[in-house]
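Here, residue 1 is the first one in the sequence, and each next residue gets the next number. Atoms within a ligand are numbered from 1 in the order they appear, just like the ligands themselves.
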Amino acid sequence: MEKEKFTIMGVGGAGCRVIGTLRQMSAAEKIRLVAADTDRSGLESSGLPADRCLLAGEMWRGGRGCGGNVGDGQIAFGRARTEIANMISGSSMLLVSAGLGGGTASGGIPVVLSEAMRLHIPSVVLVTLPFAHEGNLRRRQAVQALDEDIHKIADAVVAMPNDLLFSVLPSTAPLAEAFRMADEQVARTALALSELLCAGNLLNADFSAFSALLKRRKSRCSLGVGVSRTEDGARRPEIAFEEMLCSPLLGGASSLTEADAVIFSLLGGPELAVGDVQAVFSLAERYTRPETVMLTSASTAPEWKGMLQFSAVAIKFDRQEEIAVPGKGGSGGRRQSEQGSLFGDGAVEQPALPFDHVSKGIMESTQKVVWNGEDLDIPTYIRRNAVIDNGQPVRKK
Ligand SMILES: Nc1nc2c(ncn2[C@@H]2O[C@H](COP(=O)(O)OP(=O)(O)OP(=O)(O)O)[C@@H](O)[C@H]2O)c(=O)[nH]1
Ligand SMILES: [Mg+2]
């Protein structure tokens, strides 16, 4: 995959700021950066030229944002499907970055993803979840957008709680400082993921393996990024690794040691030596358990000259979660039956029919009909996470 065809889209205020941060990194020069917001000032903070920006719902929202209203974000983006499709068409992969909890990103991202799906563009979502002190409404909106829409359409989702920042920041740290740190970490991770997924790298992660790890709905992610430079001399790999371990969105070394899966990615200039690769990955192995699933990638590019960046996305699975099947369309989750005891001894597996949520069709761009916190346009069996079986329990041998 050519890097020029890898598109990173920032959605909403936080997403646009991540794009602004990426623009200042020379290593992001070859990636196509675009931004979409309902707020004109958000797009300005991306620093992108007008032809790379989409001001959704301009006539109706007046370029002032959605003020935390998810329904407005949904409608504004729903009415801009053609523009969204034009922005992403021709991409070989799309990474969408945002902070969930407000109106624009929580409502708009599912629309962007459904357009990507229609155009057969694989999508990866990299989002932060609101700080606890932002209140329950923002948290609920973020979780609802993730669980009810984003996880069902995206090929891979990395969602990190902003609260992890407090593992390294004192509680008296100004909020602006915390957000600046988050922007930098998310931008660096977006860069690492784009390198990880571009072909032609030294070690290249297989997208279906990547997607299988990150498609599970109830996984918790955290991420660490460390950078070292030529001036650090022979200890470059160790310094990058140590910085990654202290990274604000990682949540400490225990996030690695307790992870079920970790995606490691090493980026460097043409001078990257075999010894550097060995040194950094052997350190990584020391901090993971033998049973941890590891996906690794190492790549070099001229624009990384003199720099070494090591990043980790640590994933902890929810034990109750379905076992994901790799690949687009997912061909349906397959869930170990929790009802096995109905058939005696718990020695029963219940096959699930491959039903996937694809889209709400014409309901996608309309205001949600919500009752008791449930979106009634979504079929009940999806809302309730029901496993639809073929009526044929299979006995385990
Ligand atoms: N990384 C980062 N996160 C931010 C920043 N500002 C806000 N956030 C987080 O992102 C969440 C969503 O905020 P915004 O991006 O402003 O929301 P939006 O998607 O633009 O939606 P509306 O403003 O309601 O239209 C917040 O709840 C915060 O947790 C920022 O400057 N950087
Ligand atoms: Mg906003």
Side-chain angles (χ1 to χ4, degrees), residues 8-25 34-47 53-58 60-80 84 95-113 125-146 149-150 158-166 168-169 173-191 221-223 225 247-249:
I8 301 183
M9 178 188 274
V11 179
C16 288
R17 273 185 288 272
V18 168
I19 296 291
T21 310
L22 273 169
R23 270 192 69 250
Q24 288 158 19
M25 297 177 172
V34 295
D37 200 349
T38 53
D39 188 336
R40 191 172 282 108
S41 66
L43 293 176
E44 280 162 12
S45 66
S46 77
C53 292
L54 169 68
L55 182 58
E58 184 181 7
W60 166 61
R61 300 294 322 152
R64 291 187 304 273
C66 290
N69 187 322
V70 179
D72 286 356
Q74 233 170 15
I75 295 172
F77 274 59
R79 291 179 182 173
I84 293 168
L95 187 147
V96 180
S97 181
L100 290 182
T104 303
S106 312
I109 290 179
V111 179
V112 174
L113 295 176
V125 173
L126 176 62
V127 284
T128 54
L129 300 172
F131 288 106
H133 62 70
E134 290 186 71
N136 283 343
L137 176 68
R138 284 202 165 236
R139 165 148 300 274
R140 217 173 31 245
Q141 294 195 152
V143 170
Q144 207 164 346
L146 258 188
D149 298 307
I150 295 173
V158 179
M160 299 96 28
N162 269 335
D163 284 328
L164 283 178
L165 285 171
F166 287 126
V168 291
L169 282 176
L175 197 59
E177 169 65 6
F179 279 147
R180 198 199 51 73
M181 281 177 97
D183 292 344
E184 161 121 18
Q185 297 294 308
V186 173
R188 288 204 171 277
T189 305
L191 213 51
C221 296
S222 56
L223 57 93
V225 186
S247 221
L249 283 174

Legend entry - Any non-hydrogen protein atom less than 4.0 Å away from atom 23 (O) of ligand 1: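 Under 4.0 Å from atom 23 (O) of ligand 1, zero protein heavy atoms found.
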Can you tell me if [X] uses its side chain to pair, donor with acceptor, with the backbone of [Y] under 3.5 Å?
X: S106; Y: G101; answer: yes
X: E134; Y: F131; answer: yes
X: R40; Y: R64; answer: no
X: N69; Y: G103; answer: no
X: S45; Y: G42; answer: yes
X: Q141; Y: G68; answer: yes

Legend entry - For atom 6 (N) of ligand 1, the protein heavy atom that lies nearest, with its residue and separation: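 Looking at atom 6 (N) of ligand 1, the protein heavy atom closest to it is R17 NH2, 3.1 Å.
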Inset, instruction - State if V18 counts as touching ligand 1 under the rule of any non-hydrogen atom under 4.0 Å. - result: no
Legend entry - Proximity flag G67 to ligand 1, non-hydrogen atoms under 4.0 Å: yes
Which atoms from ligand 1 have a heavy atom of [X] less than 4.0 Å away?
X: G99; result: 10 (O), 11 (C), 12 (C)
X: A14; result: 2 (C), 3 (N), 4 (C), 5 (C), 8 (N), 10 (O), 15 (O)
X: R138; result: 11 (C), 12 (C), 13 (O), 26 (C), 27 (O)
X: G13; result: 15 (O), 18 (P), 20 (O)
X: G103; result: 21 (O), 22 (P), 24 (O)
X: G12; result: 19 (O), 20 (O)
X: L100; result: 11 (C), 27 (O)
X: N162; result: 29 (O)

Ligand 1 to [X] polar contact by distance, N or O atoms, under 3.5 Å:
X: A182; answer: no
X: C66; answer: yes
X: G102; answer: no

Inset, instruction - Quick one: look at E134 and ligand 1, take heavy-atom pairs under 4.0 Å, and tell me if it's side chain, backbone, both or neither. - result: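 Near ligand 1, E134 shows its side chain, while the N, CA, C and O stay back.
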Inset, instruction - Determine whether the side chain, the backbone, both or neither of D39 has a heavy atom under 4.0 Å from any heavy atom of ligand 1. - result: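 Answer for D39: neither.
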Legend entry - Nearest candidate to atom 19 (O) of ligand 1, where distance is taken over non-hydrogen atoms, out of S106, A178, A105, P130: A105
Legend entry - Selection from D37, D183, V127 by shortest heavy-atom distance to atom 2 (C) of ligand 1: D183
So do the side chains of [X] and [Y] get within less than 4.5 Å of each other, counting heavy atoms only?
X: R17; Y: F179; result: no
X: C16; Y: L43; result: yes
X: N162; Y: L129; result: no

Inset, instruction - Take L223 and S247 through the test side chain to side chain contact (heavy atoms under 4.5 Å, CB included) and record every step on the way to the result. - result: CA-CA 8 Å; L223 57 93; S247 221; 5.9 Å; no
Legend entry - Electrostatic pair E184-R188, nearest N-O below 4.0 angstrom: yes
Legend entry - Candidate list V127, V11, T128, V125, test side-chain contact (heavy atoms from CB on, under 4.5 Å), partner L100, passing option: V127
